[in-house]
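To start, the structure itself, in C-alpha cells.
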Amino acid sequence: MIHPPRWFRHSSAMALLGLLSMGANGPMVAGVPTRWPSLGDPKHVEHHPGKMIWADLVTPDLVAAERFYGGLFGWTFEPIHSAALVYAVASFDGRPVGGLLQRTLPVGEQRQPAWLTYFAVRDVDATRRIALKEGAKSLSGPTTYAGRGRQVVLADPEGAVFAVLASSTGDPSDFLAVPGEWIWSSLLARDPARDAAFYQKLFDYDVFDVPDDDGAEHMLFSSDDYARASANTLPGNPCRPHPHWLNFVRVTDAGAAAAKAVALGGRVLVKPHLDRHGGKAAIIADPTGAPVGLMEWSDNDGKGEAK
Amino acid sequence: MSLNFPVGKLDIVPWKPTALAMLLLVVLCGCAYPGVSYGGAVAVDYEDGYPGDYFEPYGFEYGGWGGGYRVGPPRHGGRRLERPGRPYHAPPPSRPMPSIPSRPRGRR
C-alpha cells in the first residue's frame with residue numbers, strides 16, 4: 001500500500017522551517033535539537049567516504065529498545081525529545097554509536113523495525129546525483145542538520161535502503177572497534193556483483209571478489225585500504241527477496257551474546273557460526289523484530305582466514 | 001461457458017494447464033511476499049520523525065544461511081577471485097585484500 005509521503009503531508013511546515021533557516025548548503029532544519037553528537041574528532045577532522053559512520057533504529061518502543069541494547073551491548077542513552085521527536089543518542093563508553101527513534105508502526109501494514117545504515121560521503125548532493133543516475137531512488141532529503149551535516153536517504157537499484165551523510169564534524173577515525181561498537185556492515189542482495197558496481201560509483205570503493213564455500217557471491221568493499229563492507233548473495237527463499245543492509249556489533253562471545261539477547265526479549269535469527277575471519281557471527285532480532293548482527297573478532301590480526 | 005448479465009455477457013475461460021502450473025509455482029515458492037518497494041511510504045526526516053517512517057517490509061529471510069555462508073571481513077591478504085567480465089572495476093591482482101582497521105583506539 002502506498003501512502004502519501006510524510007514530507008508531502010507536512011510540506012508546508014517543512015517549507016516554513018526551510019525558509020527560516022536557509023543556509024549555504026540549502027535548507028537547514030532549525031526545529032531539530034542541535035545536540036547532535038560530534039562524529040569526528042574536531043581536533044583532527046578527517047573524512048572516510050564509504051565508511052559506515054552512523055545507524056538509526058526506527059522502533060515503535062524506545063523504552064524497550066533502550067533496555068535491550070543497553071543490556072546487551074552496554075550502551076547508554078541521551079534523550080532528545082521535542083514535540084515532534086522522541087529520539088535517543090546511543091553511546092558506548094562515551095562515544096556515540098547511533099540513534100533510536102520512536103515512531104508508530106503504520107496501522108494495517110505488516111512492516112518491521114530496522115536499523116538504517118549511514119555511509120560517509122564528502123558531497124551528499126553529488127552522491128545523490130550519481131545514485132539516481134545509476135538507478136537508485138531518493139527517499140528523503142537531502143537535508144542539512146545543524147551540528148550534524150547533510151544527509152539523504154536512498155534506496156539502491158535493488159531496493160536496499162541506506163543513507164549517506166556528509167558529517168560537519170568529520171568522520172570517526174579508523175580504529176579497531178571494541179566490543180559494543182559497530183564492526184561490520186553487509187549488504188544482502190540479489191546480485192552482489194551488480195550492486196558492487198553501483199556502490200563503487202558512489203563511494204569509489206575497491207571491490208574484491210571473495211570466494212565462498214557454498215557458491216554464494218561475496219564482494220568486499222574497501223576504501224582507504226580498509227575493508228568497509230560486503231555484499232553477499234541474499235540467502236533464503238529466492239521468491240521472497242528482500243535486499244537490505246545489516247550491521248554487526250562486535251562481541252567477545254557470540255553465543256553468550258545471543259543467549260543474552262533472548263533473555264532480554266530478543267530472538268536468534270541465525271545461530272552463531274564460524275565466519276570467514278575465524279570468529280563467530282550471528283544474527284538476532286530485538287524485541288520489536290529489528291535484525292542486528294553479532295560478530296566476534298580477535299585482536300590477533302593477520303592470522304589468516306578461517307578454513 | 002458464458003453467463004448473461006443485465007449489462008452484458010461474461011466469458012469464463014476454462015482452466016488451462018499453463019495457468020494451473022503458474023498458480024502452483026506461485027504457491028510453492030510463496031511468492032506472495034510483501035512488496036519491497038518503498039514508494040512514498042518512507043520519509044526519513046529527523047524533525048518530521050528523525051529518521052521518519054523507516055520500516056522495512058515485514059519478514060526478513062534468514063533461514064537460508066547455511067554453514068558455508070559467510071559475510072564477515074577477511075583477514076589481511078585473504079584469497080580473492082579474478083573473474084573477467086564483472087560489472088565493477090577490480091584492483092590489480094597484485095593488490096592484497098585489506099581487512100578492517102586493526103589500530104587500537106587511542107593510538108595515532
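Scope of the values below: all heavy atoms of this structure, side chains included, with no hydrogens, waters or symmetry mates. Lettering follows sequence order; numbering is per chain, from 1.
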Answer whether the closest heavy-atom distance between the side chains of R105(B) and E181(A) falls below 4.5 Å.
-> yes
Counting heavy-atom pairs under 4.5 Å with chain A, the top scorer among G72(B), P73(B), P98(B), P87(B) is P73(B)
Check whether more than 12 heavy atoms from other residues, nucleotides or ligands sit under 6.0 Å from atom NZ of K280(A), and answer yes or no.
-> no
Minimal heavy-atom distance between D275(A) and R70(B), with the atoms involved, is OD1-CB, 3.4 Å
Per-residue tally against chain B (heavy atom, under 4.5 Å) across A197(A), S230(A), A193(A) peaks at A193(A)
Are any non-hydrogen side-chain atoms of Y226(A) and I100(B) less than 4.5 angstrom apart?
-> no
Going by heavy atoms in the side chains, are F208(A) and P91(B) under 4.5 Å from each other?
-> yes
Working for side chain to side chain contact (heavy atoms under 4.5 Å, CB included), residues L176(A) and R103(B) | CA-CA 5 Å; L176(A) 175 61; R103(B) 185 175 48 155; over 6 Å; no
Heavy-atom closest contact (W297(A) atom, P74(B) atom, distance) = CH2-O, 3.9 Å
Does a side-chain heavy-atom distance below 4.5 Å link V207(A) with H89(B)?
-> no
So, the side chain of R75(B) versus the backbone of H277(A): is there a donor-acceptor pair under 3.5 Å, distance only?
-> yes
Does the side chain of R95(B) pick up a donor-acceptor pair with the side chain of S222(A) at under 3.5 Å?
-> no
Electrostatic pair D209(A):R83(B) at N-O distance under 4.0 angstrom = yes
Is any side-chain heavy atom of R86(B) closer than 4.5 Å to a side-chain heavy atom of R194(A)?
-> no
Under a 4.5 Å cut-off applied to non-hydrogen side-chain atoms, are Y88(B) and K201(A) in contact?
-> no
